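Below is one structure, written out as structure tokens; comments come after it.
Keep in mind it's a predicted model, so treat the numbers as computed, not measured.
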Amino acid sequence: MIKILRWGEVSPEEIFARVEPDVDVSGVVSGIIADVRSNGDSALKKYTEQFDKATLTSLLVCEEELSAALDTVEPAFLRVLDRAAANIRRFHEAQVRRSFVLNDEEGVVMGQKIIPLDRAGLYVPGGTAAYPSTVLMDAIPAKIARVREVVIATPPRADGTVNPYILAAASVAGVDRIVKVGGAQAIAALAYGTESVPKVDKIVGPGNAFVAEAKRQVYGTVSIDMIAGPSEILIVADGASIPRYVAADLLSQAEHDKLASAVLVTDSDILATAVRDELERQIPTLERQEIARASIDNNGKIIVADNLREVIRIANDIAPEHLELCVDNPFDYLDAIRHAGSVFMGRHCPEALGDYLAGPNHTLPTSGTARFSSPLSVDDFVKKTQYTYYTRDALQRVAKDVAYFATKEGLTAHARSATIRLEDDA
């Protein structure tokens, strides 16, 4: 049963504290990465057989398999995929940055170029659940950014095929290559390349603890989006909230993973008790009730504060991945929210809207990192190159200042590189 606590009985750091398995994740992952670097495809096939119980002759999804998958997916689901993709494109197209040039001083040109990455690797989980939504959320911004090649890595099923709904989403999103590899071994393959898997410039997408640790270990060889922890939701709700709605929203995250965290912060003791009771009614009705039960019992919390102003302050202290504002007039509170990955406003905006259809990205910072990082966006798939041009006359106007600045840092070669060009005029 979920715990009910008064604010002050628990610190912000403890809100999303989790009961985690006692496994040497770092050591296991470093061994897998070293094996994949040394043995390439053969290591990938070995781990796929070991972890996914699938024996593969090819690591790549072929056109025939993609076509067959599309034939098995219901037309109604394809229509939903198209609708979701359109919303995601519309939101992310508004994020596109433009190159710029500044030429407002005689003889001086400065500018910044926005350059797409050559190749991006997207990790799509396929273990306890498959997530075609992640394909859309990660691939569409990459395509909008004009990344040259978008590669998906996702684990196969035991028969060696990939979940057809993932393949359907990949087709809708315009993915270029799909690799049948999961886990830390997939991250290693994307980071270093193998005979079948191209080396990418950046790896994005969520995964379990082994995937997250692998991303941490390969960072520097490639870029990554973030080190994402298990899913988390914080619901801000006042006493007028409907308990069964709040409980349902908490469970929408709890069913992801036994390590997921679902937290309610409220100013109402009555709501706190009612939501606890409602959770007990709803959990037995879930298909993934074992996972949801473990998440709620071990990591879930209901925190009661004195008033909504204190509730908002608590939300900012926690900096959650998902934040629901279950209040009337939620826009009155939006400016007060400084730290959250994605905010869901009002009593009729469940977080599941963001997972599937609304348009804003669902790959979000977790574990308090929303204090300094952002949701996945088009910006994640571009880099910026700046340039500077000075004419001879323009350099003459500033060379002495450059040299003076350089000498204050003790860098006389820097200084001379600017003044040497003036000596020809002496």
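Contact annotation: the side chain of Ile140 approaches that of Ile144 to within less than 4.5 Å [non-hydrogen atoms, C-beta and beyond]. Within the 4.5 Å cutoff, no side-chain heavy atoms of Val204 are placed close to those of Tyr123. Within the 4.5 Å cutoff, the side chain of Ile283 has heavy atoms near those of the Leu251 side chain. Considering only heavy atoms from C-beta on, Ile88 comes within 4.5 Å of Met137 through its side chain. Here the side chains of Ile152 and Val135 are in contact, with some heavy-atom distance below 4.5 Å. A 4.5 Å side-chain heavy-atom check between Thr134 and His362 finds at least one atom pair inside the cut-off. Contact annotation: the side chain of Leu44 approaches that of Val36 to within less than 4.5 Å [non-hydrogen atoms, C-beta and beyond]. Contact of the Val73 side chain with the Leu70 side chain is not registered, since no non-hydrogen atoms from C-beta on lie closer than 4.5 Å.
Closest approach of Ala169 to Leu136, counting heavy atoms only: O-CD2, 3.7 Å. Minimum interatomic distance between Val96 and Arg98 (heavy atoms only, all atoms of both residues): CG1-NH1, 3.7 Å. The two residues Ser377 and His92 have their closest heavy-atom pair at CA-CD2, 4.3 Å. Contact detail for Leu66 and Val61: the closest heavy-atom pair is N-CG1, 4.1 Å. The nearest pair of heavy atoms linking Ala173 to Ala139 is CB-CB, 3.7 Å. Closest approach of Ser252 to Glu351, counting heavy atoms only: OG-OE1, 4.1 Å.
Side-chain atoms of His322 come within 3.5 Å of backbone N or O of Glu232 as a donor-acceptor pair. Asn298 contributes a side-chain N or O that, together with a main-chain N or O of Ala294, makes up a donor-acceptor pair within less than 3.5 Å. In this structure, Asp238 contributes its side chain and Val327 its backbone to no donor-acceptor pair below 3.5 Å. Between the side chain of Ser241 and the main chain of Ala237, no donor-acceptor pair closer than 3.5 Å is present. Counting only distance, with no hydrogens or angles, the side chain of Glu255 and the backbone of Ala292 share no donor-acceptor pair below 3.5 Å. Using modelled atom types, one side-chain atom of Glu310 and one backbone atom of Asp306 make a donor-acceptor pair closer than 3.5 Å. A donor-acceptor pair under 3.5 Å is formed between the side chain of Thr366 and the backbone N or O of Gly229. A donor-acceptor pair is defined here as one N or O able to donate and one able to accept, closer than 3.5 Å; no such pair exists between the side chain of Ser295 and the backbone of Ile291. Checking side-chain atoms of Asp41 against main-chain N and O of Ser196 turns up a donor-acceptor pair under 3.5 Å. Between the side chain of Asp24 and the backbone N or O of Gly27 there is at least one donor-acceptor pair closer than 3.5 Å.
Applying the side-chain hydrogen bond (donor to acceptor under 3.5 Å, both in side chains) rule to pairs touching residues 48-72 yields Glu65-Lys180, sequence neighbours excluded. For residues 266-278, every residue pair satisfying the side-chain hydrogen bond (donor to acceptor under 3.5 Å, both in side chains) rule, not counting sequence neighbours, is listed here: Arg6-Asp269, Glu278-Arg281, Glu278-Gln282. Each salt bridge (Lys or Arg N to Asp or Glu O under 4.0 Å) pair with one or both residues in residues 189-217, not counting sequence neighbours, appears once here: Lys202-Asp380, Glu213-Arg216, Lys215-Asp225.
Other residues, nucleotides and ligands place no more than 12 heavy atoms under 6.0 Å from the CZ atom of Phe331. More than 12 heavy atoms of other shown residues, nucleotides or ligands fall within 6.0 angstrom of atom CG in Asn307. Environment of OH in Tyr192: crowded, with over 12 heavy atoms of neighbouring residues, nucleotides or ligands closer than 6.0 Å. No more than 12 heavy-atom neighbours from other residues, nucleotides or ligands sit within 6.0 angstrom of CZ on Arg244. For Ile270, the CD1 atom sits in a loose shell: 12 or fewer heavy atoms of surrounding residues, nucleotides or ligands are nearer than 6.0 Å. Under a cut-off of 6.0 angstrom, the local environment of OH in Tyr219 is sparse, with at most 12 non-hydrogen atoms contributed by other residues, nucleotides or ligands. Within 6.0 Å of the CD atom in Glu280, the count of heavy atoms belonging to other residues, nucleotides or ligands exceeds 12.
A salt bridge does not link Arg79 with Glu74: every distance from a Lys NZ or Arg NE/NH1/NH2 to an Asp or Glu carboxylate oxygen is 4.0 Å or more. Note on Glu324 versus Arg347: no salt bridge recorded, every NZ/NE/NH1/NH2 to OD/OE distance being 4.0 Å or above.
By the salt bridge (Lys or Arg N to Asp or Glu O under 4.0 Å) test, Asp332 pairs with no residue at all, sequence neighbours left out.
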With side chain to side chain donor-acceptor pair (under 3.5 Å) as the criterion, how do Tyr389 and Asn103 come out once you've worked through the C-alpha distance, each side chain's angles and the decisive distance to 0.1 Å? CA-CA 10 Å; Tyr389 169 78; Asn103 187 18; over 6 Å; no
Derivation of the side chain to side chain contact (heavy atoms under 4.5 Å, CB included) call for Arg97 and Gln112: CA-CA 11 Å; Arg97 292 176 181 261; Gln112 178 174 277; 5.7 Å; no
Quick one: do Asp297 and Ile2 satisfy side chain to side chain contact (heavy atoms under 4.5 Å, CB included)? Show the steps, please. CA-CA 5 Å; Asp297 288 355; Ile2 199 167; 5.9 Å; no
I'd like to know whether Asp355 forms a side chain to side chain contact (heavy atoms under 4.5 Å, CB included) with Gln253, so could you lay out the CA-CA distance, the side-chain angles of the two residues, the decisive distance to 0.1 Å, and finally the verdict. CA-CA 10 Å; Asp355 278 345; Gln253 295 308 296; 3.8 Å; yes
Let me see the working for Lys143 and Asp176 under salt bridge (Lys or Arg N to Asp or Glu O under 4.0 Å), right down to the final yes or no. CA-CA 10 Å; Lys143 284 294 184 177; Asp176 300 295; 3.0 Å; yes
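When ring centroids are compared, Tyr131 and His256 come within the 6.0 Å threshold.
Taken to the nearest 0.5 Å, the CD1 atom of Ile303 stands 9.5 Å off from the CD atom of Glu9. The line from CG of Asn87 to CG of Leu353 is 10.0 Å long, rounded to the nearest 0.5 Å. Taking CD of Gln217 as the reference point, atom CD1 of Ile224 lies at 11.0 Å (rounded to 0.5 Å). Lys384 contributes atom NZ, which lies 10.0 Å from atom CZ of Phe100 (distance to the nearest 0.5 angstrom). Rounding to the nearest 0.5 Å places CG of Leu234 at 11.0 Å from CG of Asp317. Rounding to the nearest 0.5 angstrom, the gap separating the CZ atom in Arg83 from the CG atom in Leu78 is 15.0 Å.
Side-chain contact, Asp257 with Ser231: no donor N or O sits under 3.5 Å from an acceptor N or O.
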All N/O donor-acceptor pairs, side-chain side in residues 336-345, below 3.5 Å, sequence neighbours left out:
none

Hey, can you pull the donor-acceptor pairs under 3.5 Å for the side chains in residues 153-163, sequence neighbours left out?
{"residue": "Thr154", "atom": "OG1", "partner": "Val124", "partner atom": "O", "Å": "2.8"}
{"residue": "Arg157", "atom": "NE", "partner": "Thr161", "partner atom": "OG1", "Å": "3.3"}
{"residue": "Arg157", "atom": "NH2", "partner": "Thr161", "partner atom": "OG1", "Å": "2.9"}
{"residue": "Asp159", "atom": "OD1", "partner": "Thr161", "partner atom": "N", "Å": "3.0"}
{"residue": "Asp159", "atom": "OD1", "partner": "Thr161", "partner atom": "OG1", "Å": "2.7"}
{"residue": "Asp159", "atom": "OD2", "partner": "Thr161", "partner atom": "OG1", "Å": "3.3"}
{"residue": "Asn163", "atom": "OD1", "partner": "Tyr165", "partner atom": "N", "Å": "2.8"}
{"residue": "Asn163", "atom": "OD1", "partner": "Ile166", "partner atom": "N", "Å": "3.3"}

